[in-house]
There are 2 protein chains.
Amino acid sequence: MTDTAQPARSHRRRYGLRPTMKDVAARAGVGLKTVSRVVNGEPGVTPDTERRVQEAITALGFRRNDSARVLRKGRTASVGLVLEDLADPFYAPLSRAVEEVARDHGALLINGSSAEDGDRERELVLALCARRVDGLVVIPAGDDHRYLEPEIAAGIATVFVDRPAARIEADAVLSESFAGARDGVAHLIAHGHRRIGFVGDLPHIHTAAERLRGYRAAMAGAGLPVDGSWIALGPTDPARVRADTERMLAGGGPAEPVTALLTGNNRITVTVVRVLAALPRRVALVGFDDFELADLLTPPVTVIAQEPALLGRRAAELLFRRLDGAADPPRRVTLPTRLIPRGSGEIPPQP
Amino acid sequence: MTDTAQPARSHRRRYGLRPTMKDVAARAGVGLKTVSRVVNGEPGVTPDTERRVQEAITALGFRRNDSARVLRKGRTASVGLVLEDLADPFYAPLSRAVEEVARDHGALLINGSSAEDGDRERELVLALCARRVDGLVVIPAGDDHRYLEPEIAAGIATVFVDRPAARIEADAVLSESFAGARDGVAHLIAHGHRRIGFVGDLPHIHTAAERLRGYRAAMAGAGLPVDGSWIALGPTDPARVRADTERMLAGGGPAEPVTALLTGNNRITVTVVRVLAALPRRVALVGFDDFELADLLTPPVTVIAQEPALLGRRAAELLFRRLDGAADPPRRVTLPTRLIPRGSGEIPPQP
DNA sequence: ATGAAAGCGCTAACAA
DNA sequence: TTGTTAGCGCTTTCAT
């Protein structure tokens, strides 16, 4: 028996009487390298030897230690994904798509939520780098990614998605936020609205800024003035959105209240839908991002749809292209959005 | 300069001119161990030496290689999560909660989707074990988890969540599927229904079987017969659910059509809501799992709510308790469900 | 306070 | 076909 000397091996982990290749080799009566060959399916082992090794493996419950393998080979066959919130219905399909592509390339996915906090993003990214993930897909929260420069220089491929990197050149896969928002507002204008509000995300977030720009462009393009009170930017949490929206709809200031709204993302849209549902007056609504059940609400919600799964897939594909050696300069891929009229965006202005 | 000899070091990774502690030590003019002390914040380094080491670290862009560290220390400070689908709105908060707890314990989360396929689950779990994750949280898809025995024996703590392990004793955190379904059906019966259908998941899935059992128990408890055509089990994909539901609502057989439905999970509920929305006749509905916007539909959907985030948190907490050495026998934690009446479950029977 | 040596479990290079 | 040796980058142990 090999495993009787337990107390003497106090340097092993508490539970960890993990057999190693050496143990397997001893048990099978072969050399270490032969075990390695069998475990990795390399050629040059007689069927008979292979069988004996396999037996030893199952008898001992051997499982190759990938940490050691990684240390030797340099590649971890894993990629990191850093996003804002795993539980956000917009990011869930994105992360699923990244996982799918990673799987096709034999890689595991390690992921973490930054909670929209730049410091936490940095901490997470660096932890992933310390683990030597082969590559990173990042939905950035921070506003300065120079901390990634040494990592990228050291060979950790990095692709940003949904928002571009700040202060460094890097691959990015984005949706057309500007054009999408502009088209959404133009759609409302085409339906007769002249006083249109925008409830958006924090302005330092790239997509939020772009969508605001799109909103302004559409208004300016139609020669419509924009009152300051028609724009409410802030965190996505429901209380803030609710308060801002109610304030905007109440009017009260010198300007008359808006008759239509553009919302900056799916979380905001859902909260605004709740506010509007409780309102006697009918207010038109176009929401950025599609969301489940939008078509079954009353009225069904008109949206500017992105394809989160496609964002994720494209980002991951680009990442693996880099890992395969593609060395052309950083590229920015942009995916179109699509306006889906469902009802809420076609409500005419009501006083 | 230290990094001029690039071509000679062909054994390094393509990009990977990663400085090591040795490089840092050379540059700072100190010993290797001193660098290790600084990097890990261990005591016994003069402020002056520490400063020199820090300078070398930033100058070289050094980042500790955690693979090597893991190899030495035995612990990876990471846990694995295997679930059915990252993008499922039920599992997203669960995985988020696991991540949160892991983070509190300084661990990273590695996760993968099994796509409800037992082989893929096994493959994923074993890949995670090979990476020597400290522990695993598993939403099982397979029906035999004996393959995990050597891993668990070797010290990889494992907690099952949402569904119990099959054919092994292991920790599990579950919702009360039986009682929840039974109460949901009892609710429909209390509102006058006598012909109630159940549209559920594949019967080999533990929760699906339990919910079916709950359905039957409630019907039997009220002395109501159950026609075979009132039960439709199968995969969650919309086409199947739609077809089965339409068939059930059409009646057509010897039994009269059902006047109310219990649906077995959130994905199924959403599809059934779509079917019912297109129907002239009003059919009562109670759905297992709460879902976003259920309260804004017409009618609002009565649900049996679980708390996915709590499931995840409890599972992760139990996992880390195990990792901290808790060695009591496997336990099964059960969380209650809550019936939330919103309208669809209170519709009286219509012929 | 600091460093030298050994070795974690594996793979690459080279013998036999 | 099979085995031996060196060493991946780090932590541990033990000297100094």
Side-chain angles (χ1 to χ4, degrees), chain A residues 9-14 16-26 28-53 56-57 60-77 129-132 154-155, chain B residues 8-14 16-53 56-57 60-77 129-132 154-155:
Chain A
R9 316 195 63 174
S10 61
H11 59 285
R12 290 238 188 164
R13 282 202 299 303
R14 188 162 4 116
L17 290 179
R18 276 282 190 188
T20 70
M21 283 192 180
K22 198 173 157 194
D23 300 327
V24 174
V30 300
L32 178 55
K33 180 64 201 177
T34 302
V35 177
S36 172
R37 287 199 180 90
V38 171
V39 168
N40 297 297
E42 285 166 25
V45 183
T46 28
D48 182 62
T49 325
E50 166 153 15
R51 196 186 37 71
R52 270 171 36 235
V53 172
I57 286 175
L60 261 35
F62 168 81
R63 180 96 39 223
R64 182 181 65 198
N65 184 329
D66 277 356
S67 297
R69 168 170 233 247
V70 159
L71 184 58
R72 209 43 254 248
K73 301 204 74 153
R75 284 230 169 174
T76 55
C129 289
R131 249 158 243 235
R132 299 292 188 270
Chain B
R9 316 195 64 175
S10 61
H11 59 284
R12 289 237 188 167
R13 281 201 301 301
R14 186 159 9 114
L17 290 178
R18 276 281 189 188
T20 70
M21 282 190 179
K22 196 172 158 195
D23 299 327
V24 174
R27 166 124 187 181
V30 300
L32 177 56
K33 179 62 201 176
T34 301
V35 176
S36 173
R37 287 198 181 92
V38 171
V39 169
N40 296 298
E42 284 165 26
V45 183
T46 32
D48 183 60
T49 325
E50 166 154 14
R51 194 185 39 70
R52 270 172 35 236
V53 171
I57 286 175
L60 260 36
F62 169 80
R63 181 100 37 224
R64 181 179 67 199
N65 184 330
D66 277 356
S67 297
R69 170 170 233 248
V70 159
L71 183 57
R72 209 45 249 246
K73 302 203 74 154
R75 285 231 166 175
T76 55
C129 289
R131 245 154 245 240
R132 298 293 189 270

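Since the structure is predicted, the reported quantities are computational estimates derived from the model, not experimental observations.
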Side-chain N or O of B:T34 closer than 4.0 Å to phosphate OP1/OP2 of C:dG3: yes
Say whether, by atom type as modelled, one donor and one acceptor occur between the side chain of B:R52 and the main chain of B:A28 under 3.5 angstrom. yes
Just by distance, do the side chain of A:T46 and the backbone of A:D48 share a donor-acceptor pair under 3.5 Å? no
Heavy-atom closest pair (A:V70 atom, B:S67 atom, distance to 0.1 Å) is CG1-OG, 3.1 Å
d(CZ, B:R51; C1', C:dA1) in whole Å: 16 Å
In whole angstrom, what separates B:R63's CZ from D:dC8's C1'? 20 Å
My understanding is that only residues two or more places apart in sequence, or in another chain, count here; which of them pass salt bridge (charged side-chain N to carboxylate O under 4.0 Å, His left out) with B:R37? none
Roughly how many Å is it from CG in A:L60 to P in C:dG9, rounded to a whole number? 13 Å
All side-chain contact (heavy atoms from CB on, under 4.5 Å) counterparts of B:V24, not counting sequence neighbours: B:V35, B:V53, B:A56, B:I57, B:L60, B:F62
Looking only at side-chain atoms of A:L71, point me to the closest of D:dG3, D:dC8, D:dC10. D:dC8
Between D:dC8 (P) and A:R75 (CZ): distance, integer Å: 19 Å
note: B:R131, atom CZ; C:dG9, atom P; distance rounded to Å ~ 18 Å
Are the side chain of A:R131 and the backbone of B:T76 linked by a donor-acceptor contact shorter than 3.5 Å? yes
Quick check for you: among D:dT2, D:dG9, C:dC10, whose closest atom lies nearest to any side-chain atom of B:T20? D:dG9
Given DNA chain C, 5'-ward residue of the pair A:D66 and B:G31, judged by closest heavy atom: B:G31
Rounding to 10°, can you tell me the angle the first-five-pair axis of the helix from C:dA1-D:dT16 to C:dA16-D:dT1 makes with its last-five-pair axis? 40°
Is A:V39 close to A:M21 at the side-chain level, that is, under 4.5 Å between some pair of heavy atoms? yes
Counting any heavy atom closer than 4.0 Å, what does B:V30 reach on the DNA or RNA strands: base, sugar-phosphate only, or nothing? sugar-phosphate
Applying side chain to side chain donor-acceptor pair (under 3.5 Å), can you list everything that pairs with B:T34, at least two apart in sequence or on another chain? none
For B:N40, side-chain contact (heavy atoms from CB on, under 4.5 Å) partners two or more places apart: B:S36, B:E42, B:R64, B:R69
Within this structure, what is the NZ-to-P distance between A:K22 and D:dT2, rounded to whole angstrom? 21 Å
So, is B:S67 close to the D:dC10 phosphate, meaning a side-chain N or O under 4.0 Å from OP1 or OP2? no
Base-contact (B) and sugar-phosphate-only (S) positions in nucleotides 11-16 of chain C, heavy-atom cut-off under 4.0 Å, - elsewhere: BBB---
